[in-house]
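One structure is given here, and the rest of the page talks about it.
Here is the naming used below: chain letters follow the sequence lines, and residue numbers restart at 1 for every chain.
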Protein chains: 2
Amino acid sequence: MFSIGELSKRTKVKVPTIRYYEEMGLLAEAERTRGNQRRYDKAGLERLSFIRHARDLGFSIEAISSLIELQDHPDRSCSAASKIASSHLADVRDKIKRLKLLEKELSRISSGCDGNGLSENCYVLASLADHDLCSIEH
Amino acid sequence: MFSIGELSKRTKVKVPTIRYYEEMGLLAEAERTRGNQRRYDKAGLERLSFIRHARDLGFSIEAISSLIELQDHPDRSCSAASKIASSHLADVRDKIKRLKLLEKELSRISSGCDGNGLSENCYVLASLADHDLCSIEH
DNA sequence: TGTAATGTCTCTAGTAACTAGAGGTTCAAG
DNA sequence: CTTGAACCTCTAGTTACTAGAGACATTACA
(Lines give C-alpha, C1' and ligand atoms only; values in the text may rest on other atoms or scores of the structure.)
Protein backbone atom coordinates (compact mmCIF):
# COMPACT_ATOMS: atom_id res chain seq x y z
CA MET A 1 0.00 0.00 0.00
CA PHE A 2 1.33 3.38 -0.94
CA SER A 3 0.29 6.99 -0.87
CA ILE A 4 -1.06 9.14 -3.66
CA GLY A 5 2.29 10.89 -3.90
CA GLU A 6 4.04 7.60 -4.42
CA LEU A 7 1.49 6.56 -7.02
CA SER A 8 2.01 9.88 -8.71
CA LYS A 9 5.76 9.34 -8.86
CA ARG A 10 5.43 5.85 -10.26
CA THR A 11 2.93 6.73 -12.96
CA LYS A 12 4.02 10.29 -13.65
CA VAL A 13 0.42 11.40 -13.21
CA LYS A 14 0.09 14.46 -11.00
CA VAL A 15 -1.59 14.13 -7.64
CA PRO A 16 -4.56 16.41 -8.39
CA THR A 17 -5.04 14.59 -11.66
CA ILE A 18 -5.29 11.29 -9.83
CA ARG A 19 -7.96 12.76 -7.59
CA TYR A 20 -9.71 14.10 -10.65
CA TYR A 21 -9.74 10.66 -12.28
CA GLU A 22 -11.25 9.25 -9.12
CA GLU A 23 -13.93 11.90 -9.15
CA MET A 24 -14.67 11.15 -12.80
CA GLY A 25 -15.08 7.49 -11.94
CA LEU A 26 -12.04 6.24 -13.87
CA LEU A 27 -10.36 5.11 -10.70
CA ALA A 28 -12.25 3.26 -8.00
CA GLU A 29 -12.41 5.14 -4.72
CA ALA A 30 -9.20 4.37 -2.94
CA GLU A 31 -9.00 2.89 0.51
CA ARG A 32 -8.25 5.38 3.23
CA THR A 33 -6.04 5.48 6.28
CA ARG A 34 -7.61 6.35 9.58
CA GLY A 35 -6.50 9.91 8.86
CA ASN A 36 -8.44 9.87 5.59
CA GLN A 37 -5.51 9.67 3.23
CA ARG A 38 -5.73 7.53 0.10
CA ARG A 39 -3.78 4.28 -0.09
CA TYR A 40 -3.20 2.33 -3.29
CA ASP A 41 -2.13 -1.18 -4.22
CA LYS A 42 -0.87 -2.88 -7.36
CA ALA A 43 -4.34 -2.95 -8.90
CA GLY A 44 -4.66 0.81 -8.49
CA LEU A 45 -1.25 1.28 -10.04
CA GLU A 46 -2.13 -0.86 -13.03
CA ARG A 47 -5.39 0.87 -13.62
CA LEU A 48 -3.80 4.28 -13.49
CA SER A 49 -1.09 3.13 -15.89
CA PHE A 50 -3.80 2.02 -18.26
CA ILE A 51 -5.49 5.39 -18.00
CA ARG A 52 -2.29 7.29 -18.45
CA HIS A 53 -1.39 5.26 -21.47
CA ALA A 54 -4.78 5.79 -23.02
CA ARG A 55 -4.61 9.53 -22.30
CA ASP A 56 -1.18 9.69 -23.90
CA LEU A 57 -2.75 8.19 -26.98
CA GLY A 58 -5.37 10.90 -26.90
CA PHE A 59 -8.41 8.92 -25.82
CA SER A 60 -11.04 10.98 -24.03
CA ILE A 61 -12.00 10.33 -20.44
CA GLU A 62 -15.33 9.05 -21.67
CA ALA A 63 -13.71 6.62 -24.09
CA ILE A 64 -11.36 5.42 -21.40
CA SER A 65 -14.31 4.87 -19.14
CA SER A 66 -15.83 2.51 -21.69
CA LEU A 67 -12.51 0.77 -22.28
CA ILE A 68 -12.08 0.16 -18.57
CA GLU A 69 -15.59 -1.18 -18.34
CA LEU A 70 -14.69 -3.70 -21.02
CA GLN A 71 -11.43 -4.59 -19.38
CA ASP A 72 -13.33 -5.42 -16.25
CA HIS A 73 -15.49 -7.89 -18.16
CA PRO A 74 -13.18 -10.29 -20.01
CA ASP A 75 -16.15 -12.31 -21.24
CA ARG A 76 -17.71 -9.53 -23.26
CA SER A 77 -17.24 -8.90 -26.93
CA CYS A 78 -14.52 -6.41 -27.64
CA SER A 79 -16.26 -4.87 -30.61
CA ALA A 80 -16.86 -1.69 -28.63
CA ALA A 81 -13.15 -1.39 -27.84
CA SER A 82 -12.31 -1.93 -31.44
CA LYS A 83 -14.80 0.75 -32.49
CA ILE A 84 -13.51 3.23 -29.95
CA ALA A 85 -9.97 2.74 -31.15
CA SER A 86 -10.76 3.02 -34.83
CA SER A 87 -13.00 6.01 -34.40
CA HIS A 88 -10.29 7.74 -32.41
CA LEU A 89 -7.83 6.86 -35.10
CA ALA A 90 -10.14 8.40 -37.66
CA ASP A 91 -10.34 11.55 -35.54
CA VAL A 92 -6.58 11.76 -35.34
CA ARG A 93 -6.24 11.33 -39.08
CA ASP A 94 -8.80 13.98 -39.65
CA LYS A 95 -6.99 16.38 -37.35
CA ILE A 96 -3.73 15.74 -39.14
CA LYS A 97 -5.39 16.47 -42.44
CA ARG A 98 -6.78 19.75 -41.24
CA LEU A 99 -3.55 20.77 -39.58
CA LYS A 100 -1.64 20.08 -42.75
CA LEU A 101 -3.90 22.45 -44.65
CA LEU A 102 -3.31 25.06 -41.97
CA GLU A 103 0.39 24.46 -42.11
CA LYS A 104 0.47 24.97 -45.83
CA GLU A 105 -1.45 28.21 -45.65
CA LEU A 106 0.37 29.49 -42.59
CA SER A 107 3.78 28.84 -44.01
CA ARG A 108 2.82 30.63 -47.18
CA ILE A 109 1.49 33.61 -45.26
CA SER A 110 4.31 33.63 -42.79
CA SER A 111 7.01 33.58 -45.41
CA GLY A 112 5.41 36.61 -47.03
CA CYS A 113 6.60 38.84 -44.22
CA ASP A 114 10.04 38.99 -42.71
CA GLY A 115 9.03 41.33 -39.90
CA ASN A 116 11.24 44.15 -41.03
CA GLY A 117 8.60 46.32 -42.60
CA LEU A 118 5.68 48.34 -41.40
CA SER A 119 2.37 47.01 -40.31
CA GLU A 120 0.59 48.64 -43.24
CA ASN A 121 2.62 46.59 -45.70
CA CYS A 122 2.58 43.38 -43.70
CA TYR A 123 1.62 40.38 -45.75
CA VAL A 124 0.48 38.49 -42.66
CA LEU A 125 -2.02 41.18 -41.75
CA ALA A 126 -3.09 41.69 -45.34
CA SER A 127 -3.75 37.99 -45.75
CA LEU A 128 -5.92 37.87 -42.69
CA ALA A 129 -7.87 40.90 -43.83
CA ASP A 130 -8.46 39.56 -47.29
CA HIS A 131 -9.50 35.99 -47.76
CA ASP A 132 -8.78 36.23 -51.47
CA LEU A 133 -5.11 36.17 -50.67
CA CYS A 134 -5.49 32.58 -49.54
CA SER A 135 -4.36 29.85 -51.80
CA ILE A 136 -6.65 27.20 -50.43
CA GLU A 137 -10.00 26.59 -48.86
CA HIS A 138 -10.01 26.49 -45.09
CA MET B 1 -26.12 49.51 -40.57
CA PHE B 2 -27.24 45.98 -39.95
CA SER B 3 -28.15 43.73 -37.08
CA ILE B 4 -26.06 41.12 -35.35
CA GLY B 5 -28.06 38.41 -37.09
CA GLU B 6 -27.23 39.90 -40.46
CA LEU B 7 -23.57 40.19 -39.52
CA SER B 8 -23.67 36.59 -38.41
CA LYS B 9 -25.08 35.48 -41.75
CA ARG B 10 -22.51 37.41 -43.72
CA THR B 11 -19.51 36.21 -41.77
CA LYS B 12 -20.78 32.77 -40.78
CA VAL B 13 -19.88 33.55 -37.19
CA LYS B 14 -22.64 32.65 -34.77
CA VAL B 15 -24.46 35.38 -32.92
CA PRO B 16 -23.35 34.39 -29.41
CA THR B 17 -19.79 34.12 -30.69
CA ILE B 18 -19.95 37.68 -31.97
CA ARG B 19 -21.08 38.83 -28.56
CA TYR B 20 -18.30 36.82 -27.03
CA TYR B 21 -15.69 38.47 -29.24
CA GLU B 22 -17.03 41.83 -28.20
CA GLU B 23 -16.77 40.86 -24.57
CA MET B 24 -13.19 39.69 -25.12
CA GLY B 25 -12.35 43.03 -26.68
CA LEU B 26 -11.72 41.74 -30.20
CA LEU B 27 -14.63 43.70 -31.55
CA ALA B 28 -15.25 47.25 -30.52
CA GLU B 29 -18.51 47.74 -28.68
CA ALA B 30 -21.14 48.11 -31.33
CA GLU B 31 -23.45 51.04 -31.63
CA ARG B 32 -26.91 50.41 -30.27
CA THR B 33 -30.42 51.23 -31.35
CA ARG B 34 -32.65 53.03 -28.90
CA GLY B 35 -33.90 49.58 -27.96
CA ASN B 36 -30.36 48.49 -27.10
CA GLN B 37 -29.76 46.24 -30.07
CA ARG B 38 -26.36 46.14 -31.74
CA ARG B 39 -25.89 47.72 -35.16
CA TYR B 40 -22.85 47.16 -37.36
CA ASP B 41 -21.31 48.84 -40.38
CA LYS B 42 -18.74 47.88 -42.96
CA ALA B 43 -15.87 48.38 -40.54
CA GLY B 44 -17.44 45.94 -38.10
CA LEU B 45 -17.93 43.44 -40.88
CA GLU B 46 -14.34 43.71 -41.98
CA ARG B 47 -13.01 43.34 -38.51
CA LEU B 48 -15.10 40.27 -37.86
CA SER B 49 -13.98 38.77 -41.16
CA PHE B 50 -10.41 39.31 -40.09
CA ILE B 51 -11.08 37.59 -36.78
CA ARG B 52 -12.91 34.73 -38.37
CA HIS B 53 -10.14 34.22 -40.84
CA ALA B 54 -7.53 34.23 -38.12
CA ARG B 55 -9.55 31.80 -36.01
CA ASP B 56 -9.91 29.51 -38.99
CA LEU B 57 -6.16 29.50 -39.22
CA GLY B 58 -5.99 28.51 -35.58
CA PHE B 59 -4.73 31.74 -34.01
CA SER B 60 -5.73 32.21 -30.40
CA ILE B 61 -7.94 35.05 -29.25
CA GLU B 62 -4.93 36.57 -27.55
CA ALA B 63 -2.84 36.41 -30.69
CA ILE B 64 -5.64 37.90 -32.73
CA SER B 65 -5.91 40.68 -30.22
CA SER B 66 -2.29 41.58 -30.84
CA LEU B 67 -2.69 41.29 -34.60
CA ILE B 68 -5.66 43.64 -34.54
CA GLU B 69 -3.74 46.08 -32.43
CA LEU B 70 -1.06 46.12 -35.11
CA GLN B 71 -3.54 46.46 -37.90
CA ASP B 72 -4.91 49.53 -36.22
CA HIS B 73 -1.45 51.10 -36.26
CA PRO B 74 -0.14 50.99 -39.82
CA ASP B 75 2.96 52.93 -38.82
CA ARG B 76 4.29 50.33 -36.41
CA SER B 77 6.81 47.64 -37.19
CA CYS B 78 5.20 44.39 -38.11
CA SER B 79 7.83 42.24 -36.47
CA ALA B 80 5.33 41.22 -33.80
CA ALA B 81 2.88 40.03 -36.43
CA SER B 82 5.59 38.10 -38.13
CA LYS B 83 6.59 36.50 -34.85
CA ILE B 84 3.04 35.58 -33.95
CA ALA B 85 2.55 33.93 -37.32
CA SER B 86 5.77 31.99 -37.27
CA SER B 87 5.35 30.84 -33.72
CA HIS B 88 1.86 29.65 -34.50
CA LEU B 89 3.22 27.86 -37.52
CA ALA B 90 5.77 26.17 -35.30
CA ASP B 91 2.98 25.10 -32.95
CA VAL B 92 1.01 23.63 -35.80
CA ARG B 93 4.02 21.74 -37.07
CA ASP B 94 4.66 20.42 -33.63
CA LYS B 95 1.10 19.25 -33.28
CA ILE B 96 1.26 17.50 -36.61
CA LYS B 97 4.40 15.74 -35.54
CA ARG B 98 2.85 14.50 -32.34
CA LEU B 99 -0.36 13.47 -34.03
CA LYS B 100 1.56 11.49 -36.59
CA LEU B 101 3.24 9.53 -33.84
CA LEU B 102 -0.16 8.89 -32.31
CA GLU B 103 -1.55 7.86 -35.64
CA LYS B 104 1.20 5.37 -36.18
CA GLU B 105 0.73 3.78 -32.79
CA LEU B 106 -3.06 3.89 -32.93
CA SER B 107 -3.25 2.30 -36.32
CA ARG B 108 -0.93 -0.46 -35.20
CA ILE B 109 -2.99 -1.10 -32.07
CA SER B 110 -6.29 -0.75 -33.84
CA SER B 111 -5.41 -3.19 -36.56
CA GLY B 112 -4.52 -5.76 -33.92
CA CYS B 113 -8.18 -6.26 -33.08
CA ASP B 114 -11.03 -6.79 -35.48
CA GLY B 115 -13.70 -6.56 -32.79
CA ASN B 116 -14.89 -10.12 -33.23
CA GLY B 117 -13.21 -11.62 -30.21
CA LEU B 118 -13.61 -11.37 -26.47
CA SER B 119 -12.43 -8.53 -24.33
CA GLU B 120 -9.88 -10.76 -22.62
CA ASN B 121 -8.08 -11.34 -25.89
CA CYS B 122 -8.45 -7.84 -27.22
CA TYR B 123 -5.22 -6.41 -28.54
CA VAL B 124 -6.44 -2.85 -28.03
CA LEU B 125 -7.04 -3.42 -24.34
CA ALA B 126 -3.86 -5.41 -23.92
CA SER B 127 -1.82 -2.66 -25.52
CA LEU B 128 -3.24 -0.06 -23.22
CA ALA B 129 -2.56 -2.22 -20.20
CA ASP B 130 1.01 -2.95 -21.17
CA HIS B 131 3.20 -0.19 -22.40
CA ASP B 132 5.74 -2.72 -23.59
CA LEU B 133 3.42 -3.57 -26.45
CA CYS B 134 4.06 -0.15 -27.88
CA SER B 135 6.39 0.18 -30.78
CA ILE B 136 7.35 3.77 -30.14
CA GLU B 137 7.84 6.35 -27.49
CA HIS B 138 4.86 8.54 -26.81
C1' DT C 1 7.78 11.78 23.00
C1' DG C 2 7.92 16.35 20.82
C1' DT C 3 8.33 18.94 16.88
C1' DA C 4 9.09 20.38 12.31
C1' DA C 5 8.83 19.44 7.53
C1' DT C 6 6.45 17.46 4.18
C1' DG C 7 2.44 15.35 2.42
C1' DT C 8 -2.36 15.13 2.11
C1' DC C 9 -7.25 16.56 2.55
C1' DT C 10 -11.45 19.23 0.55
C1' DC C 11 -13.22 23.02 -1.77
C1' DT C 12 -13.33 26.76 -4.96
C1' DA C 13 -12.03 28.99 -8.98
C1' DG C 14 -9.52 29.47 -13.27
C1' DT C 15 -8.07 27.88 -18.11
C1' DA C 16 -9.86 28.35 -23.94
C1' DA C 17 -13.34 29.37 -26.85
C1' DC C 18 -17.24 28.91 -27.13
C1' DT C 19 -22.49 26.78 -26.69
C1' DA C 20 -27.11 26.34 -24.62
C1' DG C 21 -30.90 27.94 -22.27
C1' DA C 22 -34.00 30.96 -19.39
C1' DG C 23 -36.72 34.86 -19.10
C1' DG C 24 -37.64 39.16 -20.89
C1' DT C 25 -37.58 43.07 -24.63
C1' DT C 26 -37.51 45.08 -29.39
C1' DC C 27 -38.12 45.13 -34.13
C1' DA C 28 -40.36 44.74 -38.73
C1' DA C 29 -44.13 43.28 -41.39
C1' DG C 30 -48.83 43.14 -42.29
C1' DC D 1 -51.81 47.17 -33.39
C1' DT D 2 -50.55 42.71 -33.20
C1' DT D 3 -47.64 38.85 -33.88
C1' DG D 4 -43.55 36.28 -34.55
C1' DA D 5 -38.87 36.48 -35.20
C1' DA D 6 -34.85 38.44 -33.59
C1' DC D 7 -32.57 40.44 -29.91
C1' DC D 8 -31.08 41.41 -25.00
C1' DT D 9 -28.47 39.87 -20.50
C1' DC D 10 -27.13 36.47 -17.41
C1' DT D 11 -25.87 31.99 -15.83
C1' DA D 12 -24.10 27.61 -16.41
C1' DG D 13 -22.00 23.83 -19.05
C1' DT D 14 -18.24 21.87 -22.08
C1' DT D 15 -12.81 19.18 -21.56
C1' DA D 16 -9.21 17.79 -18.80
C1' DC D 17 -7.07 19.46 -15.92
C1' DT D 18 -4.20 23.18 -12.76
C1' DA D 19 -3.59 26.43 -8.87
C1' DG D 20 -4.32 27.92 -4.43
C1' DA D 21 -6.32 28.38 0.39
C1' DG D 22 -6.74 26.67 4.82
C1' DA D 23 -6.70 22.71 7.64
C1' DC D 24 -5.24 18.03 9.02
C1' DA D 25 -1.98 13.65 8.81
C1' DT D 26 2.23 11.39 8.53
C1' DT D 27 7.10 10.71 8.97
C1' DA D 28 11.80 11.61 10.32
C1' DC D 29 14.66 13.01 13.51
C1' DA D 30 16.26 14.74 18.17
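- Side chain of Ser127(A) to backbone of Ile109(A): no donor-acceptor contact under 3.5 angstrom is found.
- The pair Glu120(B)-Arg76(A) does not meet the salt-bridge criterion, since no charged nitrogen lies less than 4.0 angstrom from a carboxylate oxygen.
- Side chains of Tyr123(B) and Arg108(B): a donor-acceptor N/O pair is present below 3.5 angstrom, by distance only.
- Using a cut-off of 4.0 Å between Lys/Arg side-chain N and Asp/Glu carboxylate O, Arg98(A) and Asp94(A) are scored as salt-bridged.
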Fill in the blank from the handout: Contact string for nucleotides 14-19 of chain C, one letter per nucleotide 5' to 3', B = base within protein heavy-atom range under 4.0 Å, S = sugar-phosphate only, - = neither, reads ---BBS
Handout entry: Protein-to-nucleotide contact annotation, 5' to 3' order, nucleotides 1-9 of chain C [B base; S sugar-phosphate only; - none; under 4.0 Å, heavy atom]
Key = ------BSB
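- Salt bridge Glu23(B)/Arg19(B): absent, no basic N to carboxylate O contact under 4.0 Å.
- Salt-bridge formation is not detected for the pair Glu103(A)/Lys100(A): no Lys NZ or Arg NE/NH1/NH2 atom is positioned less than 4.0 Å from an Asp or Glu carboxylate oxygen.
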Practice task
Show your reasoning for whether salt bridge (charged side-chain N to carboxylate O under 4.0 Å, His left out) applies to Lys12(A) and Asp56(A).
Solution key: CA-CA 12 Å; Lys12(A) 276 155 205 160; Asp56(A) 282 351; over 6 Å; no
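- Proximity of a side-chain donor or acceptor of Ser49(A) to a complementary backbone N or O of Leu45(A) within less than 3.5 Å is detected.
- Nucleotides of DNA chain D that come within less than 4.0 Å of any heavy atom of chain B span, from the 5' end to the 3' end, dC7(D) to dT9(D).
- Of the charged side-chain nitrogens involved, at least one lies within less than 4.0 Å of a carboxylate oxygen, so that Arg10(B) and Glu6(B) count as a salt-bridged pair.
- Salt bridge annotation for Glu29(A)-Arg38(A): absent, with no cationic side-chain nitrogen under 4.0 angstrom from a carboxylate oxygen.
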